[in-house]
Amino acid sequence: MYRSHTCGELRESDINTKVTLSGWVQKTRDKGFVVWVDLRDRYGITQLVFDEDRTSSKLLEQARSLGREYVVQVTGEVIERTSKNPNIPTGGIEVLVDEVILLNKSKTPPFTIENETDGGEDLRMKYRYLDIRRNPVKNNLIFRSKVSMEVRKYLSDHSFVEVETPYLIKSTPEGARDFVVPSRMNEGQFYALPQSPQTFKQLLMVGGMDKYFQIVKCFRDEDLRADRQPEFTQIDCEMAFVEQEDILDTFEGLTKHLLKEIKGVEISAFPRITYDDAMRIYGNDKPDIRFGMEFGELNAVTQHKDFGVFNSAELVVGIAVPGGASYTRKELDALVNWVKRPQVGAKGMVYVKYNEDGSFKSTVDKFYDQEDLAKWAKITEAKPGDLICVLSGDANKTRTQLSALRMELAERLGLRNPNEFAPLWVIDFPLLELDEETGNYHAMHHPFTSPKPGQLELLETDPGAVRANAYDLVLNGNEIGGGSIRIHDRDVQSTMFKHLGFTPEEAQAQFGFLMDAFQYGAPPHGGIAFGLDRLVSILGGQETIRDFIAFPKNNSGRDVMIDAPAAIDREQLHELKLKLDIEA
Ligand code: ASP
């Protein structure tokens, strides 16, 4: 038996008990006549004591020879500590050791295995197995497991069945590039790794499974923007005989369950906002509603006043920044420069100080008097002491820029409290999205999403106006889930493919299996998928999903620990009948 107890378990009530512990040497303190060793395992740290008076000198020598991260098994007696450590649960006791068995040595670790480590990100990723020994990483993985368990619990309590779907499949268009896998048995042919199990879960509905879920890996070969992973995990769900309302209800229930069980937070009905309103009020389809700073559209009160910049703008829009009237000139200049950074892209910014005494001071006093500015304040809901920031130009771009400013200011003002949870449904998404570059429409969610009832005809005349039964669940400014009611009729699905620019032959070749299935009694169905990595990191109150993934990839999609991706040898290429022709 390697251990009778864990290193996090012993208390004063265990004094005089004979115990066996196994773990890693966190550190050794040698006072000459007495040596203390901190022994660590997943559960905590227990202090071991080797004392000249009470142990043999051989044992004391052995204790001195233990290096950091050595793996040992010790046996001894639990005794009361003379100087107790109230900061750790085992701080009242120590183990007076009478036997040490060295289970394994360790090289000196490349960084300290402490809560605050001296190891940089790259080093920690290369030695991720050592990083996982550290409390912050270990606790995140345990936290993730707890979230997954609660998901499974809730869904199985609601009659969902977890069904695995294949990883070696044909392309599922979810808007990214596929990772492909060559098939040895089918020369020259490739599988694609699923961007999501979308078509399979729909086929499970045709198969009568009724309520499906799966905690599943998805693969998307995208350029890795900050905090994206080429492989990530979804809580993927689908239900038959449902309308949008049923889905929202079920998964609002799941989210509430998680918030309650994991965070002890109870939230009543989640607010809902249409996509159009979200864009108008927050300039963003995943608004963070933990704070206000809602957009106020100012066209009516700013145009036709000789200020050319505003007069020629499609949209003039502002937000009120709480307490911003006290910003110094230097701070304001910095803010203007911030919106002009290429990442944000505004040409400039007009601002108005709404002074505590009720007067206004703006950068456009030449064109607007106090009465005008009072109207701006009313529309942006500014109060004395606030700063009104106004951007103008092309409507879509300006909204995006102001949204970036809103988020930045909220961050600076500490309004994005990670311990506050503000979920929100965004509904009525457009079915299609215009690709500005190619002029083509593509599916905003995916091609299997159903238009709102009665809008099929509109596809012919005004495709951009068609709304879908598609919804996102947003939490604290992050999309944590998205889904839709699906098309379940063959003809509608082929019309949809036609509008997305597929010829009937292409549609049949790529998605014939799904359209054929629709001919055999496909029930009405719909679903949703949550991004588990992101959900866990938000619930954990942290920014980066990487911290909640045991073995994540870096920004170039590499696993630096196992050094993947890597070249394969000639023999493997030969077997696959592949020849590399890599351009220099
Ligand atoms: N397959 C979709 C996605 O990955 C989710 C869904 O529509 O259920 O975003």
Side-chain angles (χ1 to χ4, degrees), residues 151 155 160-167 169-179 192-206 209-222 228-240 242-252 254-255 275 285-286 425-433 442-452 467-475 478-488 493 496 500 510-511 514 522-535 545:
V151 168
L155 291 175
F160 281 79
V161 180
E162 185 161 18
V163 184
E164 289 167 70
T165 53
Y167 282 160
I169 67 164
K170 208 152 94 166
S171 177
T172 42
E174 299 264 1
R177 235 172 268 116
D178 289 322
F179 281 103
L193 298 180
Q195 294 185 31
S196 88
Q198 185 59 37
T199 50
F200 287 95
K201 64 174 173 175
Q202 293 191 241
L203 292 169
L204 285 170
M205 294 305 109
V206 182
M209 267 332 275
D210 195 67
K211 285 178 168 182
Y212 142 94
F213 88 101
Q214 182 181 193
I215 296 186
V216 61
K217 276 288 175 75
C218 302
F219 306 86
R220 297 185 189 177
D221 188 3
E222 294 175 291
R228 279 231 185 144
Q229 289 280 308
E231 52 175 310
F232 59 96
T233 307
Q234 282 190 345
I235 308 164
D236 191 44
C237 310
E238 197 76 5
M239 300 166 83
V242 286
E243 293 171 336
Q244 173 164 309
E245 205 52 43
D246 302 302
I247 305 252
L248 300 193
D249 197 48
T250 304
F251 294 98
E252 186 164 316
L254 169 64
T255 313
Y275 170 87
D285 63 1
K286 42 180 186 341
W425 287 106
V426 180
I427 57 172
D428 298 352
F429 273 82
L431 182 71
L432 303 172
E433 191 174 33
H442 50 74
M444 188 141 181
H445 189 51
H446 51 54
F448 316 109
T449 294
S450 124
K452 282 212 172 278
R467 289 295 178 263
N469 274 327
Y471 33 81
D472 276 356
L473 183 57
V474 173
L475 183 57
N478 295 281
E479 179 204 326
I480 56 160
S484 60
I485 297 297
R486 325 298 185 189
I487 297 166
H488 65 279
Q493 188 64 70
M496 191 64 205
L500 294 172
Q510 229 183 318
F511 300 109
L514 185 69
H525 61 286
I528 191 167
F530 288 79
L532 181 67
D533 311 280
R534 167 78 50 217
L535 176 62
I545 63 171

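If you're wondering where the values come from, they're calculated on a predicted model, not measured in any experiment. In what follows, every heavy atom counts, from backbone to side chain, and hydrogens, waters and symmetry copies are set aside. As the structure lists them, so they are numbered: ligands from 1, and atoms in each ligand from 1.
For ligand 1, the atoms sitting less than 4.0 Å from at least one non-hydrogen atom of Gly482 are 5 (C), 6 (C), 8 (O), numbered in the order shown with element in parentheses. For ligand 1, the atoms lying closer than 4.0 Å to a non-hydrogen atom of Arg486 are 6 (C), 7 (O), 8 (O). The distance from ligand 1 to the heavy atoms of His445 drops below 4.0 Å at these ligand atoms: 5 (C), 6 (C), 7 (O), 9 (O). Each of the following atoms of ligand 1 lies closer than 4.0 Å to a heavy atom of Ser196: 1 (N), 4 (O). Of all atoms in ligand 1, numbered sequentially from 1 with element shown, those under 4.0 Å from a heavy atom of Lys201 are 6 (C), 8 (O). Of all atoms in ligand 1, numbered sequentially from 1 with element shown, those under 4.0 Å from a heavy atom of Gly483 are 6 (C), 7 (O). Residue Ala529 approaches ligand 1 through these ligand atoms, each under 4.0 Å from one of its heavy atoms: 5 (C), 8 (O). In summary, the atoms of ligand 1 found under 4.0 Å from a heavy atom of Ile528, numbered by their order in the structure, are 8 (O).
Enclosure of atom NZ in Lys286 is not indicated, since only 12 or fewer non-hydrogen atoms of other residues, nucleotides or ligands lie within 6.0 angstrom.
At least one donor-acceptor pair under 3.5 Å links the side chain of Glu162 to the backbone N or O of Ile215. Not a single donor-acceptor pair under 3.5 Å links the side chain of Tyr212 to the backbone N or O of Phe160. With hydrogens and angles ignored, the 3.5 Å screen pairs a side-chain donor or acceptor of Tyr167 with a backbone N or O of Lys217.
Nearest non-hydrogen protein atom to atom 1 (N) of ligand 1 is Gln198 OE1, 2.7 Å. With hydrogens left out, the protein atom closest to atom 9 (O) of ligand 1 is Glu174 OE1, 3.7 Å, a heavy atom. Among all protein heavy atoms, the one lying closest to atom 4 (O) of ligand 1 is Gln234 NE2, 2.8 Å.
In this structure, Arg220 has a heavy atom closer than 4.0 Å to ligand 1. Ligand 1 has no atom lying under 4.0 Å from any heavy atom of Gln195.
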